[in-house]
Asks: 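My questions will all concern the structure given below.
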Amino acid sequence: MGIKRLNIYLIKGYLGTFIATFCVCLFIVLMQFLWKYVGDMVGKGLSMSILFEFFGYAALSLVPMALPLSILLSSLMAFGNLGEKLELLAMKASGISLFKIMKPFVFFVVCITVGAFFYSNMVLPVIQNRLYILTRSMVQKSPEVEIPEGSFYQGVPGVSVFVGHKDPDTKLLRDIMLYDFSGSSTNASTSGSDNISITCADSGRIGMSADQQNLVLTLHNGVTFENIRQQSRQQNNRSIPYRRENFKYKQIFVAFDNSMKMVDASITSNKYVGKNFQQLGAVVDSLAIVSKELADRDVNQMVNEHYFERSGSKQNVSLESLGDCRNFNFQELFDKQCRDIQITVIDEATSSAHSTFQALEIMYAEKDYMVDRNARRHDIERHRKITMSLACLLFFFIGAPLGAIIRKGGLGTPIVISVFIFILYYVIDNSGYKMAREGVWHVWAGIWLSSAILLPLGAFLTYKAASDSMVNISKDQFLLLVKKVKSLRLADVKNALVSIKNNISKK
C-alpha cells in the first residue's frame, strides 16, 4: 500500500512538470517552424480564421518532435528535485532501489511512446495532409495591395498607380495618378502607348470588393484622358484623338483576385505526407520493383544500341543471348591485325566505352531522381514514425538517471543539459537523415543512427545512477579540464606526434 501511495505521489509531481515542459517545448519548436513561413504569410491579408487554422495544424504536426525534448527536460527536473530535496536518498535508505522508483515513470513514458506511435501513424498523416494543402494555398495567394509613397506601384496586372502622399490616420491617398494598360492587350493593331488610359485625382481611397475579385479605387476631383481606339484604327499614323472626362466622384474597378483558393487535395497523392505506416511500406515495395525493372531495361537498351551500331541487326538481344561470346578468343584475333588497325580498334573501343558509361550515368541519374529518391523519402518517413516515438523512451533513460546523479532541480542546470543533449541528438539525426536521403547510407542506418548512439548513453547513465557511482560533471571539474587544455602548448603536441610517428616507423 505504501509503494502505491509513493508511486501516486511521484507521478503527480512528474505529471505537472511534464505538462509544463511540453507546452514550453511545443511553443519553441512551433516558433522555429513558423519562422520558415513568415515570409509567405506577411502581406497576404490572411484572415484570422486561416491563421488560427494554420497555427493549429502546425502545432499538432510538431507534437512528435516536442515530446522527446519535454520528456528529457521533465525527467531531469523531476529526479533533480528529488535528489536536491534528499527525497531520493530517503527512498534508497528505506530499501527502495532506483529501478523501483523509476517503475511508475517507465510505465508512464512507455504509454506515451506507444501513444506517440499511433498518433504518428493515424492522426499525423491527416494533419500533415491538411497542413501541406493549406501552406501551398497561402503561398499561391496574391499579396495584399500596399501602395508606397512617391513611386509607381505595379503589383496589379495591367495597372500602374502613383500616390504622392498617404495619411496614416485617415488612410486617405492624395495626388493620385492611375495608368491603365489593360486596353493594349485587346487591341493588337495599335501600340501599347496608344491605348493607355490616364486618370489623375486629388484624393481617393483604395480597397477590395466584397467578393475579393476586384480592386476598387474611389477617386475625388480628377480628370481622365482616354484614347478613342475605334477612330485610331482609321487614322493610321495620324494623331490619335482622345476623350477627356472631368469628375468629382468616380469609382474604378480593376480585376484583381485576392481571395484565397485552396489547392486541389490530389497534390498530396504522391507525397509521403498523408500516408500511414502500411501505405508507406506498400509504396516503398512498389517503387523497389519499378526501380529494378528500369535498371534491367536500361542495361538491355544499352546492349541493344551497341549491338545495332556494330552489326546493323534489327532484332533485340539480351544479356543471356551474349553468353556464347565468352568462349571466343578476341585477344588472338586482335594480335593478328596490323598496328594501325589495333590502334583504331582501341580508340573506337575507348570512345564507345566512354559514351556508354556517360549514357548509363544519365539513365541512373534519371532513375534515382524519378524513383529511388521518392522511395527513400517514403522509407525515411516510415522509419521516423518508429524512431521519433522510441526517442521518448530513450530520452527518459538519459534524463532520469542524469537528474539523479547531478541532484539539481529547477530550471537552470536541467535546461542547459537538456538543450545540449537535444542539440547533439538533432545534429546526429539530421546528418543521418541527409545521408539516407541522398542514398549514401541505407535508410535504416541513417535514420537509426541517433537512436544507436543514445541507447549506450542511456544504459551507461542508468547503470551509474543505480550503482550510486558518481559521474563528476561539476563546474570545477569542467574548468580544470579547460585549464589543462589551455596549458598544452602547440610545440608539445607536435613533438608528441613526431615521437609517435618515429616509433611507428621503427616498428
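If you're wondering where the values come from, they're calculated on a predicted model, not measured in any experiment. Position 1 is the first residue of the sequence, and the numbers go up from there.
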Asks: Roughly how far apart are Asp429 CG and Leu424 CG, rounded to 0.5 Å?
Replies: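 Going from the CG atom of Asp429 to the CG atom of Leu424 covers 11.0 Å.
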Asks: Given 3.5 Å as the limit, does a donor-acceptor pair link the side chain of Arg376 with the main chain of Arg437, or not?
Replies: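 Flag set: sc Arg376 to bb Arg437 pair under 3.5 Å.
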Asks: Rounded at 0.5 Å granularity, tell me how far CG in Asn129 sits from OH in Tyr57.
Replies: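 Output value for this atom pair is 10.0 Å.
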Asks: Can you name the closest pair of heavy atoms from Leu219 and Ala201 and give their distance?
Replies: CB-CB, 3.9 Å
Asks: Got a second to check how far Leu217's CG is from Arg205's CZ, nearest 0.5 Å?
Replies: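 The distance works out to 12.5 Å.
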Asks: Is the number of heavy atoms from other residues, nucleotides or ligands within 6.0 Å of CE (Met177) greater than 12?
Replies: yes
Asks: Which atoms form the tightest heavy-atom contact between Asn121 and Phe277, and what is the distance?
Replies: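 Of all heavy-atom pairs spanning Asn121 and Phe277, the closest is OD1-N, 2.5 Å.
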Asks: Under 3.5 Å, side-chain donor or acceptor atoms of residues 67-74 against the rest of the protein: list the pairs with distances, not counting sequence neighbours.
Replies:
{"residue": "Ser70", "atom": "OG", "partner": "Ala66", "partner atom": "O", "Å": "3.1"}
{"residue": "Ser70", "atom": "OG", "partner": "Leu67", "partner atom": "O", "Å": "2.7"}
{"residue": "Ser74", "atom": "OG", "partner": "Tyr14", "partner atom": "OH", "Å": "3.1"}
{"residue": "Ser74", "atom": "OG", "partner": "Ser70", "partner atom": "O", "Å": "2.7"}
{"residue": "Ser74", "atom": "OG", "partner": "Ile71", "partner atom": "O", "Å": "3.2"}

Asks: Could you work out, with salt bridge (Lys or Arg N to Asp or Glu O under 4.0 Å) as the rule, every residue matching Lys250, not counting sequence neighbours?
Replies: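 For Lys250, the residues satisfying salt bridge (Lys or Arg N to Asp or Glu O under 4.0 Å) (neighbours in sequence not counted) are Glu245.
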Asks: Is any side-chain N of the basic residue among Asp379 and Arg382 closer than 4.0 Å to the acidic one's carboxylate O?
Replies: yes
Asks: Donor-acceptor check, side chain of Glu149 to backbone of Lys166, threshold 3.5 angstrom: yes or no?
Replies: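 Between the backbone of Lys166 and the side chain of Glu149 there is a qualifying donor-acceptor contact (under 3.5 Å).
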Asks: side-chain contact (heavy atoms from CB on, under 4.5 Å) between His220 and Asp202: does it pass, once the steps are laid out?
Replies: CA-CA 6 Å; His220 302 277; Asp202 292 340; over 6 Å; no
Asks: Out of curiosity, Thr218 OG1 to Ile252 CD1, how far, rounded to the nearest 0.5 Å?
Replies: 9.5 Å
Asks: More than 12 heavy atoms of other residues, nucleotides or ligands under 6.0 Å from CZ of Phe152: yes or no?
Replies: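 Enclosed: over 12 neighbouring heavy atoms sit under 6.0 Å from CZ of Phe152.
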Asks: Does the ring center of Phe162 lie less than 6.0 Å from the ring center of Tyr179?
Replies: no
Asks: Using the rule given for side-chain contact (heavy atoms from CB on, under 4.5 Å), can you reason through Phe225 versus Thr199, listing the C-alpha separation, both sets of side-chain angles and the distance that settles it, and then say yes or no?
Replies: CA-CA 6 Å; Phe225 300 90; Thr199 302; over 6 Å; no
Asks: Count the heavy atoms belonging to other residues, nucleotides or ligands that lie under 6.0 Å from CZ of Phe247, then report whether that count exceeds 12.
Replies: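 Result for CZ/Phe247: enclosed.
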Asks: Measuring only between side-chain heavy atoms, which start at C-beta, is Trp441 closer than 4.5 Å to Leu449?
Replies: yes
Asks: Mind checking the CG-CZ spacing from Leu30 to Phe27? Nearest 0.5 Å is all I need.
Replies: 7.5 Å
Asks: Quick one: does Asp285's side chain get under 4.5 Å of Ile289's, heavy atoms only?
Replies: no
Asks: Please give me the minimum heavy-atom distance between Gly403 and Leu76, naming the atom from each residue.
Replies: N-CD2, 3.6 Å
Asks: Tell me whether the rings of Trp444 and His442 are parallel (<30°), tilted (30 to 60°) or perpendicular (>60°).
Replies: parallel
Asks: Please report the interatomic distance OG(Ser120) to CD(Gln128), rounded to the nearest 0.5 Å.
Replies: 8.5 Å
Asks: Is the shortest heavy-atom distance from the side chain of Asn276 to the side chain of Met122 under 4.5 Å?
Replies: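 Not touching, per the 4.5 Å side-chain cut-off.
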Asks: Do Leu131 and Phe54 have side-chain heavy atoms sitting under 4.5 Å apart?
Replies: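 Result yes, sub-4.5 Å side-chain heavy-atom pair found.
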Asks: With sequence neighbours excluded, what pairs up with Gln32 under the side-chain contact (heavy atoms from CB on, under 4.5 Å) test?
Replies: none
Asks: Residues in side-chain contact (heavy atoms from CB on, under 4.5 Å) with Arg377, at least two apart?
Replies: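 Checked Arg377 against side-chain contact (heavy atoms from CB on, under 4.5 Å); matches are Tyr272, Ile380, Glu381, Tyr433.
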Asks: Which heavy atom of Pro125 sits nearest a heavy atom of Lys275, and at what distance?
Replies: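 Answer, listing the atom of Pro125 first, then Lys275: CG-O, 3.5 Å.
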Asks: Taking the side chain as every heavy atom from C-beta outward, state whether Phe105 and Ser75 have any pair of such atoms under 4.5 Å apart.
Replies: no
Asks: For Asn430 and Tyr426, indicate whether the former's side chain and the latter's backbone hold a donor-acceptor pair under 3.5 Å.
Replies: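 No; zero donor-acceptor contacts below 3.5 Å.
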Asks: What is the minimum heavy-atom distance between Leu60 and Ile127, and which atoms define it?
Replies: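 Nearest pair, atom of Leu60 first, then Ile127: CB-CD1, 3.6 Å.
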Asks: Which heavy atom in Gly204 sits nearest to a heavy atom in Leu172, and how many Å separate them?
Replies: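 Minimum heavy-atom contact is O-CD1, 3.5 Å.
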Asks: Just wondering, do Phe22 and Val63 contact through their side chains at under 4.5 Å, heavy atoms?
Replies: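 Contact flag for Val63/Phe22 side chains = yes.
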Asks: Got a list of side-chain donor-acceptor pairs under 3.5 Å for residues 386-398, not counting sequence neighbours?
Replies:
{"residue": "Thr387", "atom": "OG1", "partner": "His383", "partner atom": "O", "Å": "3.3"}
{"residue": "Thr387", "atom": "OG1", "partner": "Arg384", "partner atom": "O", "Å": "3.4"}
{"residue": "Ser389", "atom": "OG", "partner": "Phe117", "partner atom": "N", "Å": "3.2"}
{"residue": "Ser389", "atom": "OG", "partner": "Lys385", "partner atom": "O", "Å": "3.0"}

Asks: Any side-chain heavy atom of Thr224 within less than 4.5 Å of one from Arg244?
Replies: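 Side-chain contact under 4.5 Å: no.
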Asks: Decide yes or no for Asn221 and Ser203: does some side-chain heavy atom of the first lie under 4.5 Å from some side-chain heavy atom of the second?
Replies: no
Asks: Report the C-alpha separation of Glu53 and Leu134 in whole Å, then their side-chain angles, then the decisive distance to 0.1 Å, and conclude whether the side-chain contact (heavy atoms from CB on, under 4.5 Å) test is met.
Replies: CA-CA 9 Å; Glu53 185 179 2; Leu134 187 62; 4.0 Å; yes
Asks: Among all residues two or more places apart in sequence or in another chain, which pass the ring-ring contact (aromatic ring centres under 6.0 Å, His included) test with Phe33?
Replies: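 Listed in chain order: Tyr37.
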